[in-house]
Amino acid sequence: VPGMNSGLNPANPIIVSAFRSALFHQWAIVGVIFLLLLLSWGATRGWVTARTRATAGLAATWHEPRARRLLRVGFGVLWLFDGILQAQPQMAGGLPSQVMEPAAASSPAWVQHLANWGGTIWSYHPIQAGAASVWIQVGIGMWMIFAVTGWPSRLAGVASIGWGLIVWVFAEAFGGIFAPGLTVLFGAPGAVLIYVVAGALIALPGRVWQTPLIGRLVLGGVGVFLAGMALLQAWPGRGFWQGTVNGQPGTLAGMVQTMAGTQQPHFLSAIVSSFGDFTAAHGFAVNLFAVLALAALGAVFCMSALRADARLARIGVIAGAVFCLADWVLIEDLGFLGGLGTDPNSMIPLILLFTTGWLALTPAAQPAAVAAPAAAAPAPEAAAAEPGPAREPVPEPAARPSPVPARLAAARDWVATLSGRSVAAAGAVGVILVGAAPMAFASVNKNADPIIAQAIAGASAPIDTPAPGFTLTSQAGRQVSLASLHGKVVLLTFLDPVCTTDCPIIAQEMRAADTILGAQASRVELVAVVANPTYLSTAFTQAFTRQEGLDQVPNWLYLTGSLSQLQAVWQHYGVQVENLPAGAMSAHSDVAYVISATGQLQEEISTDPGPGTQASQSSFASLLSDSVQQSIGGGQ
Amino acid sequence: VRSAHSWQVRAGLLAAAVASACTLAACGSSGSGTPAGNAAAEATPSLATSLSTAGSSWAVVPMSANPAFWQVFVRPAAATSWQLVTPPGVADNGGLVAAGTGRSLTVAFRPSQDLTFSPLATSTDGGAKWSTGLIDANVAATPGALAASGSQLLALLGDGTILASSDSGGTWRTLAAPGAVAGSPAGRACGVTTVTDVSFGITQGEVLAAGSCGTASTGLFAYSAGAWSRVSLPVSGRVVAMMPGLVLVASGTRLYAAWDTASGWPVSAPLPSGGVAASGSLAPGGAWVLLPGRRAATIAGPGQPWRSLPEVPAGTAVLAAGPGGAVDALAVSGSKLTVWRLGGTVAEWSKIQTIGVPIQLGSSS
């Protein structure tokens, strides 16, 4: 997919180091947030009034059904786990090329372009995006775990839906539902879609969980899904019935053997590899078993939903858990080991989902609300209303006159009545913001982060010496000396006019840097000196200038001269230029210098464009414009 | 889920929800270059070719692969061995197109990757030194895209434009704009769709252009006095190659050579061909063709029969004129060129030379 990734090695030490650093700093901020919340909460708890205590005691009488609790905590833990996996060192630099691109590779072009759009944005700001994904997922997980009841808990479900859909569309390429080879055994239609379903269930009002209806809906939905997947698995012509095709592993065996080849503990790869061999040898039997198992599970769940039969559902849950765990180990290979694994795949979420359905068939009765003694009577609708955030009974405060206004006191009392879980849930929202805010700010900037350029070419070197002078001929045939450019910041580089790769890219990066500079560009001269010992006439500098559209850039100069003149400039600026044999282009150093308005060399920047991707070019443009702006700002 | 599969990927994409759309851009593409052996079924021969000038035999050969690095080899008339003389300074992965006249050879670099124009290199001393020139556009991907006669040069561009130079490539003027041949009365009558080759005729200042008029009709046109006229050939078919004074015409599975002479266009006897993988000139009026299945044939000139050669050595990219009327086969294996020779009454190819070419893999792609 063109343009998606930065072209960087995911293990690039500069990117990895910056990612770690960002996570460390944001971790510190998260710690401060929780500390402040705890201090605020602790300080206000002592001031709680008797009336608030009574209200708290009443509100705490709503008991969360066990089905919802399983769903909420289970998927909260999964989001937490996914967030931790997202913190793997290579994730920032590698997710677009190692995860998103392969995910979309076999999907239709429109899916690839959608994934490419997301991947490009990630590649432009890999550190912020990588850190954001960590904290957003950790935050959603904490939010779901700690927000037990009421609108905070329901909002956690909504957050799970929103983020899950983003991940499903952009990173999972719709879970591959538009690609060939769809099979539930490998996680179709995407584990994160189950997270979305779970989020939707958690977002439902609490009263919905007090009837068997939700259990029937969940079990019925899972049943229909599994029956459909059985049909798809049995569909002829999709390659699942053959263990081998023309001596090569069939669809299922090939998938399993690919998984076995990824980095993981030996005992696990041995198990998976053995199953892959078994599948290759007995492809028909394995698929027959899978089809029958899926169909049977689908039928059991559908029947239990129709009859609201908890006993039948329990049988289905046990059988389904066995089947799913076997699939998780033998086919999905746990899902998260090796490479850039980001979650444990679909089987664990699926188990959580249908177990929730079973538990929801038999909701426990809600205990009656008990008003606290010696308290003012609460409003009658309080007990029947949507349960609010969980609160704990608090100790009786010492009676004293209130020195604060009534509204502030009410807010203080409200805070004081919050449970520790509610405070933690509020902190979880803060965690999400810690990750999301920097990415949101970064994504407003349409230019890529300069760190990509630094990762490709290395850090620039500050210098402070007089720039060696020269007098050469511009593309227009005019004599230009460096001294004549004093008063302007000069961005000087060396380009081969008949170069096929790096030089056109560098020229476009300079042009983009000029655009970034905007009005400041009038104080800057973009200067290139020919770096080819053979093709050095103005005919070539003119052709190159036209080729790159630089004839529209008023502050662009492409200078050349005789070979001896050029060799002198190359030598003064430490630029190596030589012709290579046998059809190769001329070799030369990719370097740029920032020369101050007073003619001082200020910075040497390696401009080797590396992969020349959209993100890396934008990053180099940012780097160059930043350096020039610093020189302008320095006023030298 | 690990990256080896693409199902369950957890990715942070807040930006997808908050950032504005980005335009997509593709990076450079690799240059073309089809080895002769793979081009048997193609409509046009490979750029691999050879030609003879007054002082030397020249060969243009692709070496290595993905991408190919094109090389120029020369065998001075008095020498028995070949040497590498590829003009330096430009990446030639896009292919080379060459034309010779007198003692000089001009080579045009086809653009590749981000280069969009065609630098030129001209040598008058057997490839020892090269001077530079420029065509500020992309030369067409056909061995007949460049022609030379004295200081006159013709260049066919990728968009069908025909350029002419009367100062050895120092300056260029447009002889025919895109569609000019097709739009002429002669072109319309033929139904020309594309121009594939250019050459000089034997008449002073005459320009020849070959065009595609479908598979059955020969589209050869002469430009004179500001107008294009169709050249009548005694054989119908598709022009597969045009060399100085000679065209090769494929008619069904048969191949004909037709010569531009003062008395008309005599045609050779047919050669069963089944496609032409590569072709070139041997000496004035002579030609060679590489055919599918390692077959090859030569023809010496008007009135001469086709001579079928023994099976050419594996990897043969081009044939070329050897010393004393011999035929050389230049075979490529990676970065090694092996020269085989078929001479005199010997009925087998003899290996006479191996040249290791210092290809700088990764230097330009």
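Just so you know, these numbers come straight off a predicted model, no measurement behind them.
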| note | Per-residue tally against chain A (heavy atom, under 4.5 Å) across L84(B), T116(B), V72(B) peaks at T116(B)
| remark: Whatever's closer than 4.5 Å to a heavy atom in chain B on C503(A) counts as neither
| Nearest heavy atoms of A582(A) and P358(B), plus distance in Å | CB-O, 3.6 Å
| field | Residue P497(A) versus chain B: region with a heavy atom under 4.5 Å | value | backbone
| task | For D114(B) and I505(A), indicate whether the former's side chain and the latter's backbone hold a donor-acceptor pair under 3.5 Å. | result | no
| said: Using modelled atom types and a 3.5 Å cut-off, is there a donor and acceptor pairing between side-chain atoms of Q113(B) and backbone atoms of T501(A)? | reply: no
| said: Within the 4.5 Å heavy-atom criterion, are W130(B) and T534(A) side-chain neighbours or not? | reply: no
| Interface moiety of I135(B) toward chain A, non-hydrogen atoms closer than 4.5 Å | neither
| field | Heavy-atom pairs under 4.5 Å with chain A, option from T86(B), D136(B), V90(B) with the top count | value | V90(B)
| message | Need one label for A587(A): side chain, backbone, both or neither, based on atoms under 4.5 Å from any heavy atom in chain B. | response | neither
| field | For chain B, the option from H125(A), E548(A), E578(A), R546(A) that forms the most heavy-atom pairs under 4.5 Å | value | R546(A)
| said: Measuring from atom OG1 of T500(A) to atom CG of D92(B), what distance do you get when rounded to the nearest 0.5 angstrom? | reply: 9.5 Å
| message | Please classify the contact of D502(A) with chain B as side chain, backbone, both or neither, using a heavy-atom distance under 4.5 Å. | response | neither
| note | For A539(A) and L134(B) the tightest heavy-atom approach is O-CD2, 3.5 Å
| note | Note: F544(A) and F117(B) closest approach over all heavy atoms is N-CE2, 3.9 Å
| Is there side-chain contact between V498(A) and F109(B), with at least one heavy-atom pair below 4.5 Å? | no
| query | What heavy-atom pair brings Y535(A) and G133(B) nearest, and what distance separates the two atoms? | reply | CE2-O, 4.4 Å
